[in-house]
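Sequence positions, counted from 1, serve as the residue numbers for this chain.
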Amino acid sequence: MASQNMDPAATAASSTAALKGSESGGSAARSSVSKRLQQELMTLMMSGDKGISAFPESDNLFKWVGTIDGAQGTVYEGLRYRLSLDFPAGYPYQAPRVKFVTPCFHPNVDEQGFICLDILKDKWSALYDVRSILLSIQSLLGEPNNESPLNTAAAELWDDQEAFKAHLHSTFQK
């Protein structure tokens with residue numbers, strides 16, 4: 001019954017203010033994600049890590065293109081892969097969607113380029129950044145998890161490194 005004592009104009013004004021507050025909250029959240037991604041870009045550029053890089057795709061800070069070179073001493077040595085990284089509005093509390101653009105024959109990568117890596121799924125933490133993602137994927141190339149393969153043919157061939165390398169290099173697309 002208390003609503004009878006309220007001014008309808010005041011109620012409408014407070015509803016409008018609440019809506020505007022939630023809209024500005026959304027843009028504030030997007031702004032903080034943008035700020036985080038800009039910091040990560042600078043960190044990555046200054047890190048000097050060999051064999052990994054990533055940059056925003058055109059003007060969209062939420063879509064990046066990354067590259068990973070196969071680590072020395074692995075069957076992937078000398079190969080370079082392109083990846084796409086799509087950051088959700090909830091980043092860093094939600095993991096980015098990362099996939100290979102360059103086809104990658106690997107036990108933990110499917111034919112569409114999706115990667116089975118725990119830190120991109122259930123083990124994600126807001127402490128991870130683009131640099132740690134790229135380094136983890138680079139490490140995964142040489143040390144697959146054959147217990148959880150997305151590509152069973154690659155998993156079965158992995159034990160024979162010479163055959164794996166021959167197949168990998170014959171199918172690699174630059």
Side-chain angles (χ1 to χ4, degrees), residues 8-71 76 79-145 147-151 154 173-174:
T11 304
S14 68
S15 300
T16 304
L19 280 173
K20 284 185 180 176
S22 68
E23 287 170 10
S24 66
S27 68
R30 193 163 170 86
S31 173
S32 71
V33 174
S34 293
K35 190 173 184 178
R36 162 89 183 232
L37 289 170
Q38 287 170 341
Q39 289 173 335
E40 289 191 27
L41 179 60
M42 289 303 297
T43 300
L44 188 60
M45 289 171 50
M46 303 301 281
S47 73
D49 290 313
K50 299 272 187 233
I52 62 168
S53 67
F55 298 94
E57 187 177 286
S58 65
D59 293 338
N60 187 350
L61 199 55
F62 286 76
K63 286 188 178 287
W64 290 28
V65 174
T67 60
I68 293 179
D69 293 341
Y76 294 92
L79 304 180
R80 175 169 284 175
Y81 291 92
R82 287 190 55 197
L83 298 107
S84 68
L85 295 91
D86 292 321
F87 298 92
Y91 183 79
Y93 302 105
Q94 294 174 327
R97 193 180 101 197
V98 182
K99 67 182 267 191
F100 280 90
V101 174
T102 306
C104 181
F105 183 72
H106 188 277
N108 304 119
V109 179
D110 70 13
E111 290 185 9
Q112 288 78 43
F114 290 104
I115 307 161
C116 181
L117 181 62
D118 58 356
I119 70 160
L120 294 176
K121 308 272 188 268
D122 58 331
K123 300 284 190 218
W124 175 254
S125 165
L127 298 175
Y128 293 128
D129 60 6
V130 173
R131 180 179 173 268
S132 61
I133 292 167
L134 295 176
L135 289 171
S136 294
I137 294 170
Q138 186 181 46
S139 176
L140 181 71
L141 284 179
E143 299 172 21
N145 177 3
E147 303 300 314
S148 176
L150 284 178
N151 182 334
Q173 298 171 6
K174 293 184 181 191

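- The six-membered or imidazole ring of His106 lies near that of Tyr76, with a centre-to-centre distance under 6.0 Å.
- Distance check: Cys104 SG to Leu79 CG gives 9.0 Å after rounding to the nearest 0.5 Å.
- Asn151 is not listed as a side-chain neighbour of Val109, based on a closest heavy-atom distance of 4.5 Å or more.
- Taking CG of Asp49 as the start and CZ of Arg131 as the end, the distance is 4.0 Å to the nearest 0.5 Å.
- Judged as a side chain to side chain contact (heavy atoms under 4.5 Å, CB included), and not counting sequence neighbours, the contacts of Ala95 are Trp124.
- Using a 4.5 Å heavy-atom threshold, the side chains of Tyr91 and Glu40 count as touching.
- Rounding to the nearest 0.5 angstrom, the gap separating the CZ atom in Phe114 from the CZ atom in Arg97 is 4.5 Å.
- Rounded to the nearest 0.5 angstrom, Ser47 OG and Leu135 CG are separated by 7.5 Å.
- In this structure the side chain of Ser132 never reaches within 4.5 angstrom of the side chain of Leu127, judged on heavy atoms.
- Between Leu85 and Val65 the shortest heavy-atom distance is CD1-C, 4.4 Å.
- The two residues Leu141 and Gly70 have their closest heavy-atom pair at CD1-CA, 4.4 Å.
- The two atoms that bring Pro92 and Arg36 nearest to each other are CG-NH1, 3.1 Å, heavy atoms only.
- Taking CG from Asn145 and CG from Leu150, the interatomic distance works out to 10.0 Å, rounded to the nearest 0.5 Å.
- Contact record, Asp69 with Gln138: O-NE2, 2.9 Å, taken as the closest heavy-atom pair.
- Remark: Tyr93 engages Ala126 in a side chain to side chain contact (heavy atoms under 4.5 Å, CB included) (not counting sequence neighbours).
- Among the candidates Pro144, Ser148, Pro149, the single residue satisfying the side-chain contact (heavy atoms from CB on, under 4.5 Å) test with Cys116 is Ser148.
- When every heavy atom of Pro88 is checked against every heavy atom of Phe62, the shortest pair comes out as O-CE2, 4.1 Å.
- Using a 4.5 Å cut-off on side-chain heavy atoms (C-beta onward), Leu44 and Ile52 make contact.
- Between Asn108 and Leu117 there is no side-chain heavy-atom pair separated by less than 4.5 Å.
- The two residues Gln112 and Lys99 come nearest to each other via the heavy atoms O-CE, 3.1 Å.
- Remark: Ile115 CD1 to Ile137 CD1 distance equals 4.0 Å, nearest 0.5 Å.
- In Lys50, the NZ atom is not crowded: 12 or fewer heavy atoms of neighbouring residues, nucleotides or ligands sit closer than 6.0 Å.
- For Pro56, the side chain to side chain contact (heavy atoms under 4.5 Å, CB included) criterion is met by Leu41, Leu61, Trp64, not counting sequence neighbours.
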